[in-house]
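I have placed the structure first, in the form of structure tokens, so that the comments after it can refer back to it.
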Amino acid sequence: MAVAAGLGPEAEELVLLEKSLGLTKGNKYGVQGERKSPVLQINNGPSLTGLATIATHLVKQAKKEQLLGKTAEEKAVVQQWLEYRVTQIALPCTKEDTRVILKDLNLYLEDKVYLARNNFTLADILMYYGLHHIIIDLTVQEKEKYLNVSRWFNHIQHYPGIRQHLSSIIFMKNRLFTNA
Amino acid sequence: MGFGNLRSAAGLRLLNDFLADKSYIEGYVPSQADIAVFEAVATPPPADLFHALRWYNHIKSYEKQKASLPGVKKALGKYGPADVEDTTGAATDSKDDDDIDLFGSDEEEESEESKRLREERLAQYESKKSKKPALVAKSSILLDVKPWDDETDMAKLEECVRSIQADGLVWGSSKLVPVGYGIKKLQIQCVVEDDKVGTDLLEERITAFEDFVQSMDVAAFNKI
């Protein structure tokens with residue numbers, strides 16, 4: 001994507017999100033600050049800053065409000081995960097950070113299919129994009145260890161229109177490293 | 001394929017293991033496959049089988065739209081891990097149609113009947129399984145028995161070898177094969193039951209006739 005070249009990883013994510021939402025127009029993003037937070041200038045309006053803010057805006061623009069959660073509870077969970085995504089999964093992550101993130105997520109996903117339990121939401125999309133570079137470096141043993149994360153990730157990457165040009169990560173269940 | 005009896009603990013455990021790395025029974029979207037298995041499970045799995053419970057709760061959330069989910073329902077035995085034998089349809093008979101629950105309403109009345117049927121099938125399957133190991137493993141062995149020299153009485157040697165008797169040992173045909181300098185070796189066939197007779201035992205017994213036998217080798221060993 002030529003537009004995304006030179007932008008921060010979060011702006012690239014937003015380009016991916018636009019496509020998966022079916023927005024064809026293609027917004028232009030700027031970056032701001034040390035962390036290269038994306039900035040979106042809206043026609044005749046104020047500019048939006050930050051991954052979660054712009055992502056929410058895009059979802060509304062695409063008229064797919066259900067991705068923000070249907071019930072009040074779901075909406076809250078989605079917002080919570082967007083916040084987690086922006087604050088916790090930011091580049092660069094140390095090995096220790098990754099371990100903690102995966103451990104927490106693994107525990108959280110044990111009894112859930114999607115982050116907001118039974119519905120696919122924006123939280124799943126952005127967490128998938130954010131975790132892709134982490135999951136891709138995991139060993140087979142680690143994927144097995146964070147089984148719930150693997151299952152969720154594999155599920156999301158097969159969700160139509162989400163993965164796009166990102167590489168498909170292979171998960172296999174070989175039960176070599178069962179630690180249950 | 002299949003999870004066995006989904007109302008038993010073992011069946012649920014199979015389902016639980018199967019769902020550990022999957023969100024749905026088939027593919028990546030909820031389908032009739034999930035509904036079929038969901039209806040067979042009937043009650044929420046216990047909390048320690050959290051993969052099965054997660055899936056159960058998730059499918060439950062589709063309850064209202066279950067008719068519109070994609071796919072075609074298949075017999076229950078067609079789902080699940082490939083390496084598990086299908087017991088749900090094992091003894092297929094005229095009652096087979098009972099397994100397909102078309103409207104999901106006759107659940108109550110058939111449960112008693114199907115329970116009995118399932119138990120019958122399980123018993124049948126068990127008995128079939130227990131009979132199987134009765135098939136004993138046998139091997140056909142070709143032995144080379146070498147005499148000391150050309151003066152050894154080969155007829156006497158063969159007689160000695162054949163005199164060896166053991167449970168599960170049957171001697172077969174034999175012939176004399178020339179090795180050189182007028183010396184012949186005895187090649188003799190025998191069939192043994194693997195559990196009862198080993199080559200070690202044969203070697204020990206044959207070389208015991210040390211007046212005739214110089215050495216003994218196993219020329220060929222085939223499982224039957």
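Residue numbering restarts at 1 for every chain, and letters A, B, ... go by the order of the sequence lines. For clarity, every value in this text was computed on a predicted model and none was experimentally measured. When reading the values below, keep in mind they use all heavy atoms of this one structure, side chains included, and skip hydrogens, waters and symmetry mates.
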Minimum-distance pair of heavy atoms, taken over all atoms of A:Lys28 and A:Leu40 = O-CD1, 3.7 Å
In terms of side-chain heavy atoms, does B:Ser68 have a donor or acceptor partner in B:Gln65 at a distance below 3.5 Å?
-> no
Taking ring pair (Phe, Tyr, Trp, His ring centres under 6.0 Å) as the test, write out the residues that go with B:Phe209, two or more places apart.
-> none
Between A:Asp124, A:Leu16, A:Ile89, which is the residue that forms a side-chain contact (heavy atoms from CB on, under 4.5 Å) with A:Tyr129?
-> A:Leu16
Is the ring centre of A:Tyr108 less than 6.0 Å from the ring centre of A:Trp152?
-> no
So which part of A:Tyr159 gets closer than 4.5 Å to some heavy atom of chain B, the side chain, the backbone, both or neither?
-> neither
Would a 4.5 Å heavy-atom cut-off, applied to side chains only, mark A:Asn154 and A:Ile169 as touching?
-> no
Contacts with chain A made by residues 44-52 of chain B (heavy-atom distance under 4.5 Å), listed by residue number | B:Phe50, B:His51
